[in-house]
Amino acid sequence: MLDMKMIRQNAEWFKQKMADRGVDGASVDHLMELDQKRRDLIVKSEALKAERNEVSEEISQLKRNKENADAQIKRMREVGAEIKQLDADLETTKAEQDNLEAHLPNIPNDKVPVSLTEEGSVELRKVGTPRKFDFEPKPHWKIGEKLDILDFKRSAKVAGSRFVYYIGAGSMLERAVYNFYLDENDKAGYTEILPPYMVNSASMFGTGQFPKFKENKAGFEIADSDLTMIPTAEVPLVNFYRDEVIPAEKLPVKFTALTPAFRSEAGSAGRDTKGLIRLHQFNKVEMVQFTKPEQSWDALENITAQAESSLKKLGIPYHVITLTSSDMSFTAAMTHDIEVWMPSQHCYREISSCSNTTDFQARRSHIQYRDENGKLQYVHTLNGSGLAVGRTVAAILENFQNEDGTVNIPEVLQPYMHGKTKITKQDLF
RNA sequence: GGAGGAUUGGCAGAGUGGUAAUGCACCGGACUCGAAAUCCGGCGAACCAAGCUUAUACUUGGCGCGCAGGUUCAAAUCCUGUAUCCUCCUCCA
C-alpha cells in the first residue's frame, strides 16, 4: 500500500513511476479524483457531526433540568439523516479508492532498469563456470527417474500433474539441502521459524498477494474458510508482526523458515511441464528481514549475498540479475534474482528472488517502530529465497551427473547424507 | 461441535443510555549538591480531515471502549453478527 499523502503531493512523479511499471495513467487520475471527493465528503460530514455533538450536549442539559427539548431533537433527527447519507457516500467512495490503491504496485527505486518487458535486466555478476560435459547432459527428471529417486508417474496418479514423489536418497537429498540452508542462515543470524502453512486473508492482503492473487486464482484457497495455503513463507513470516510495533532496538529482525509453497500456476500452462522446476507444491527456505528505512538497501545486498554464499558452497554456477521495473513482483521496489546454470537447458534458471519491498508491506500490515524522536514509523521489509529447495535438487542432479547416470553429492551436503558421496540406482520397486 | 465467561489508554482497573474514573508507568517542573521520597502540572503524540504551513510542528474538529452492523436526538452501556482468549463438556494427535 502506498502513502496517499505523498502521492497527492507528487502526482506527476508518481504517475511516471507507475507508467514505468505498466500501470495506466488513467487509473492514477481516477485515484486522485476519488481522493478529492472523499476528502470533500469528510469535511461536510464532520461539520454536521460537530453540530450534533454540540446540540446533544444541549439536549442533555435541558433533560437534566426537566425542560422541553423537542425542537432540538427534531432538528437533530434531520441532521442525523443527512449524516447517514453523507457517510454512505463516503463509504462507497472510500471503498472504491481503497480498491484502486490496493491494486497499485510499489514504486520502483531509481536504480531499477526501466522496461515494460523482462528485457533490459542488468547482470550484476556471474559466479562459477558452467562445466564442460564430454557427454550429452540429461535433464534432471530423467536422471531422477532412472535412479528411482523421483517419481512423477505415481504423483500424477495420486495428486495430478505438477507434483512429485521424492524417494529414498532423493528424499534424503531434499532434506540435506534444506537442512544445509537452514544451518547456513542460522549461522548468519537468522532466527529459524516454523510457521503456519495456511493463513487468513488479512495476512494475504498484508504481504500484497490479495487482492490480485485471488482474482488471478494464483493459489489454493480452502473452500468454506478464510484460509489460503501459503504461496511462500514470506506471508506468515512478514505477518508475524502484523499490527505490531517492533521495539527499535530489535531491528533489524531476521527470520528464516523452511516451508512448502503452494501455487496453482494458473497461466503457466505448457511451461516447465516436466521435472521439479514448476510444481504446485515445493519446498523453499525463505529469509525475511524487518529493518529501519535507512538500513533496507544495504539489507537487500546482504540478503542476496547470504543466498549466494550457500550456492557457492554447493559449487553450482549462477549469476545475479536486477529485474526490470515491470518484471518485479507487485510489492518490490527492487529485486535481485539469482539464477543457476541448468546444463540440459543451456541457460540460467531462477532459484532465488530477493526483494526490498520498502514500506509497502509494512503499510498494508501495519508494522511500525518508534524512531529516536518516539514517532511511529513504518519498518521496511525484505524477503529472499535462501533458497528454493526443489530447484536446487534439480540443479545438483544436472550439474553433478556422471555419464553412467549416477550423481555426485556436493561435499557440503555429504554430512547431511550419512557421508554418502554419490547417488546410485536404488532399484527399490 | 456444545455451554458459560472475558475483551476499555503502555499496564492494572471503574463505568448498564447523556458523551471514557482512578492507580501504576511515563513526560515536564518544584524541592535537592545530586538522587530517592514528596508536591504541582501533563498524559488516547492510534488514525482521519480542515486551517496555517517547510513540517508527520501548532490549532480546531472528527473518530475513539476487540471488529462489523443496527436501534436512538444521543451507545463503552441496548440489539444482531463475528474474531480472539479462558473454563467445562465432547472429540482428538
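Sequence lines set the chain letters: A, B, ... in the order given, protein chains first and strands last, and positions in each chain run from 1. Remember, predicted model here, so these are calculated numbers, not experimental data.
We find that NZ of A:K84 is positioned 12 Å from P of B:A75, with the value rounded to whole Å. Look at CD on A:Q61: it is 18 Å from P on B:A74, rounded to the nearest Å. One interatomic measurement links the two molecules: CG of A:L86 to P of B:G62, which rounds to 16 Å at whole-angstrom precision. Nucleotide B:G10 holds its P atom 17 Å from the CD1 atom of A:I246, rounded to whole Å. Between the CE atom of A:M4 and the P atom of B:U56 there is a distance of 16 Å, given to the nearest Å. Across the protein-nucleic acid pair, A:R38 atom CZ and B:C63 atom C1' stand 14 Å apart, rounded to whole Å. One interatomic measurement links the two molecules: CD of A:E58 to P of B:C73, which rounds to 16 Å at whole-angstrom precision. Taking atom CG on A:D226 and atom P on B:C67, their separation rounds to 18 Å, with Å as the unit.
Between B:A49, B:C73, B:G69, one nucleotide has an atom nearer to the side chain of A:V43 than all others, and that is B:A49. Of the candidate nucleotides B:C48, B:G62, B:C73, B:C48 has the atom lying nearest to any side-chain atom of A:K5. The side chain of A:E46 lies closest to B:G62, out of B:U19, B:G69, B:G62. Minimum atom distance to the side chain of A:I42 is reached by B:A49, of the listed B:A49, B:U56, B:C73.
Taken together, the paired segments of RNA chain B that extend over three or more consecutive Watson-Crick or G-U pairs, each closer than 3.5 Å at both contacts, are B:1-7 with B:83-89, B:10-12 with B:22-24, B:26-30 with B:38-42, B:47-51 with B:58-62, B:66-70 with B:78-82.
Under a cut-off of 6.0 angstrom, the local environment of CD in A:E91 is sparse, with at most 12 non-hydrogen atoms contributed by other residues, nucleotides or ligands.
The 5' end of RNA chain B is approached more closely, in terms of each residue's nearest nucleotide, by A:A50 than by the other of A:Q72 and A:A50. Nearest-nucleotide positions on RNA chain B place A:K63 closer to the 5' end than the other of A:K63 and A:I73.
Distance noted for atom P between B:G15 and B:G66: 15 Å (whole Å). When the P atom is compared between B:C26 and B:C11, the two are found 15 Å apart, to the nearest whole Å. Atom C1' of B:A6 sits at a distance of 16 Å from the matching atom of B:A12, rounded to the whole Å. Remark: the separation of the C1' atoms in B:C58 and B:C79 is 43 Å, to the nearest Å. Comparing B:U56 with B:C48, their P atoms are spaced 11 Å from each other, to the whole Å. When the C1' atom is used for both B:C52 and B:C73, the distance is 35 Å, rounded to whole Å. Between the C1' atoms of B:U77 and B:U87, the separation comes to 26 Å (whole Å). For the C1' atom pair drawn from B:A75 and B:A68, the interatomic distance equals 15 Å after rounding to whole Å.
A:K74 comes within 4.0 angstrom of no nucleic acid atom, judged by non-hydrogen atoms across all strands. Contacts of A:R8 with the nucleic acid, taken as non-hydrogen atoms under 4.0 Å apart, involve only primed sugar atoms and P, OP1 or OP2. At the heavy-atom level, A:K44 lies nowhere under 4.0 Å from the strands shown. In this structure, A:I59 reaches the bases: a heavy-atom distance under 4.0 Å links it to at least one base atom across the strands shown. Heavy atoms of A:R75 sit nowhere under 4.0 angstrom from any nucleic acid atom.
At B:A75, none of the side-chain N or O atoms of A:R52 fall inside 4.0 Å of OP1 or OP2 (strictly under the cut-off). Not one side-chain nitrogen or oxygen of A:R370 sits closer than 4.0 Å to the OP1 or OP2 atom of B:G10. Contact between the side-chain N/O atoms of A:N53 and the OP1/OP2 oxygens of B:G62 is found at a separation under 4.0 Å. The side chain of A:R39 contributes no N or O atom lying less than 4.0 Å from OP1 or OP2 of B:A49.
When atom types are taken as modelled, the side chain of A:R21 and the backbone of A:N106 share a donor-acceptor pair closer than 3.5 angstrom.
Nearest heavy atom pair, residue A:P236 against residue A:P196, reads CG-O, 3.7 Å. Here the closest non-hydrogen pair linking A:K292 and A:L251 is CG-CD1, 3.8 Å. What you find for A:Q281 and A:P260 is that their closest heavy atoms are CG-CB, 4.2 Å. Closest heavy-atom contact between A:L62 and A:N68: CD1-O, 3.9 Å.
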Quick one: side chains of residues 140-149 of chain A, donor-acceptor pairs under 3.5 Å with protein atoms, not counting sequence neighbours, listed by atom name and distance.
| residue | atom | partner | partner atom | Å |
| --- | --- | --- | --- | --- |
| A:H140 | ND1 | A:E398 | OE2 | 3.1 |
| A:H140 | NE2 | A:L276 | N | 2.8 |
| A:D148 | OD2 | A:D427 | N | 3.3 |

Less than 3.5 Å apart, which donor and acceptor atoms pair up between the side chains of residues 223-233 of chain A and the rest of the protein, not counting sequence neighbours?
| residue | atom | partner | partner atom | Å |
| --- | --- | --- | --- | --- |
| A:S225 | OG | A:L227 | N | 2.8 |
| A:D226 | OD1 | A:S201 | OG | 2.4 |
| A:D226 | OD2 | A:S201 | N | 3.3 |
| A:D226 | OD2 | A:S201 | OG | 3.2 |
| A:T232 | OG1 | A:E234 | N | 3.0 |
| A:T232 | OG1 | A:K284 | NZ | 2.8 |

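No side-chain donor from either of A:T304 and A:H336 sits under 3.5 Å from a side-chain acceptor of the other.
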